[in-house]
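Reviewing the structure listed below.
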Amino acid sequence: MDLALLRTFVTVHRAGSFTRAAALLGLSQPAVTSQIRTLERQLGRPLFLRQARGVTPTTIGDELAHKAAPHLDALVEIAETGLDEESSLRTLHLAGPPEFTAERALPALTELTGYDGQGFALRASFGNAEETLEGLAAGHHDLAITTARPRGALLTATPLCDEEHVLVAAPRWAVRIGHGKLRRKGAPALKNIPLVEVHESLPFVARYWASVFDSRPAASGSVIVPDLRAVLACVTTGAGLAVLPRYLCAPALERGDVVALLDPPVPPLRTYFLVVRTGTLAMPHIARAHEWLLRAAADWV
């Protein structure tokens with residue numbers, strides 16, 4: 001079976017579209033379509049169901065991708081790094097949410113970079129869960145950190161750690177609200193307090209309200225900034241209240257820059273996953289990074 005046809009097939013399977021696969025491969029869409037049809041004729045079975053938007057793999061298409069993708073990835077790795085491993089470093093391409101990747105993952109992984117015989121070069125990119133998993137499936141990343149567990153057999157997810165969410169505000173807001181009032185009235189005690197969030201949909205606040213108050217936030221966001229570290233900075237200056245991961249706001253809590261408004265018996269949690277393309281843990285640099293992050297996560301509070 002022609003490896004070029006298999007490479008095109010796996011790219012289409014991961015991209016979910018002939019058009020996106022053509023762009024990734026640097027080919028025309030008719031060329032990609034022709035290669036897939038050739039492979040289907042050789043196998044005597046359809047590999048994809050054509051739809052209005054993209055394609056969906058058939059059962060035989062999923063089975064072939066599951067078997068072929070890890071081996072093709074290994075061949076690409078060999079081609080990129082060459083046979084003389086002493087003269088060049090393998091490169092690990094990591095992707096994940098900006099705050100967690102910057103504060104947790106990168107400080108741990110930089111210990112593995114360098115020319116020590118087992119080290120690797122490191123390249124990181126940031127994105128949301130959907131973007132990160134799409135990039136991983138398309139082969140742009142080797143290892144991804146997401147808050148969403150992927151479906152299907154092409155990606156393998158391992159739970160990494162749980163993230164506790166804390167309702168915080170500057171001390172002056174805590175005094176104004178009053179802890180006793182908040183415990184008695186719950187969410188209504190916060191209805192006139194400005195909210196600071198990363199998106200207009202209030203993802204962190206809405207999740208916290210649903211878990212702790214069994215309700216939805218009554219107010220809209222007063223300050224919207226697309227980074228949790230910026231949210232913390234705004235809250236510290238008194239812009240309003242926010243829901244933040246404990247690891248991110250712990251130093252500010254210790255200094256008294258912000259205070260936790262509530263200490264619920266069961267705090268809201270969010271799980272992070274380490275995700276790879278199935279079979280790529282056979283590659284030493286990916287396996288080492290994967291194992292190292294799991295070990296480091298055991299000490300994360």
Side-chain angles (χ1 to χ4, degrees), residues 3 6-16 20-21 23-26 65-85 87-161 272-297:
L3 287 178
L6 278 178
R7 178 170 178 256
T8 298
F9 160 73
V10 169
T11 304
V12 172
H13 189 279
R14 288 171 170 168
R20 287 196 293 271
L24 291 169
L25 293 166
H66 182 67
K67 292 178 180 178
H71 302 291
L72 284 170
D73 288 335
L75 288 173
V76 170
E77 179 72 12
I78 292 172
E80 289 181 349
T81 60
L83 297 178
D84 185 4
E85 295 187 2
S87 64
S88 63
L89 286 174
R90 291 172 180 261
T91 300
L92 179 80
H93 295 271
L94 173 72
E99 306 89 354
F100 187 88
T101 305
E103 300 289 332
R104 292 296 207 194
L106 288 176
L109 288 178
T110 50
E111 297 182 38
L112 301 182
T113 59
Y115 289 85
D116 64 352
Q118 293 182 317
F120 49 74
L122 180 60
R123 301 291 183 270
S125 59
F126 300 144
N128 60 36
E130 182 180 358
E131 294 167 343
T132 297
L133 291 176
E134 285 183 356
L136 179 65
H140 300 313
H141 318 308
D142 301 313
L143 183 62
I145 300 171
T146 77
T147 55
R149 185 191 289 270
R151 297 179 179 179
L154 275 186
L155 300 178
T156 300
T158 305
L160 177 61
C161 65
Y272 283 94
F273 298 92
L274 273 182
V275 190
V276 297
R277 291 187 300 281
T278 300
T280 56
L281 286 179
M283 300 179 185
H285 69 303
I286 298 179
R288 191 175 185 216
H290 189 275
E291 180 183 1
W292 196 267
L293 283 174
L294 289 175
R295 288 182 179 178

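Keep in mind it's a predicted model, so treat the numbers as computed, not measured. The first residue in the sequence is number 1, and the count goes up from there.
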Over all heavy atoms of both residues, which pair between [X] and [Y] is shortest? Give the atoms and the distance, please.
X	Y	value
Leu106	Ala124	CD2-CB, 4.0 Å
Pro159	Arg149	CG-NH2, 4.0 Å
Ala157	Val275	CB-CG2, 4.1 Å
Pro107	Arg104	CD-O, 3.5 Å
Thr278	His66	CG2-CE1, 3.7 Å
Ala289	Leu92	CB-CD2, 3.6 Å

Between atom [atom1] of [X] and atom [atom2] of [Y], what is the distance when rounded to the nearest 0.5 Å?
X	Y	atom1	atom2	result
Leu122	His285	CG	NE2	10.5 Å
Leu160	His290	CG	NE2	8.5 Å
Leu155	Arg14	CG	CZ	8.0 Å
Ile286	Thr280	CD1	OG1	4.5 Å
Leu281	Thr156	CG	OG1	7.0 Å
Leu133	Thr146	CG	OG1	4.5 Å

Heavy-atom check, side chain of [X] versus side chain of [Y], under 4.5 Å:
X	Y	result
Thr91	His93	yes
Tyr272	Thr147	yes
Glu111	Trp292	yes

Do any N or O atoms from the side chain of [X] and from the backbone of [Y] form a donor-acceptor pair under 3.5 angstrom?
X	Y	answer
Arg277	Leu136	yes
Thr113	Thr110	yes
Arg20	Ala15	yes

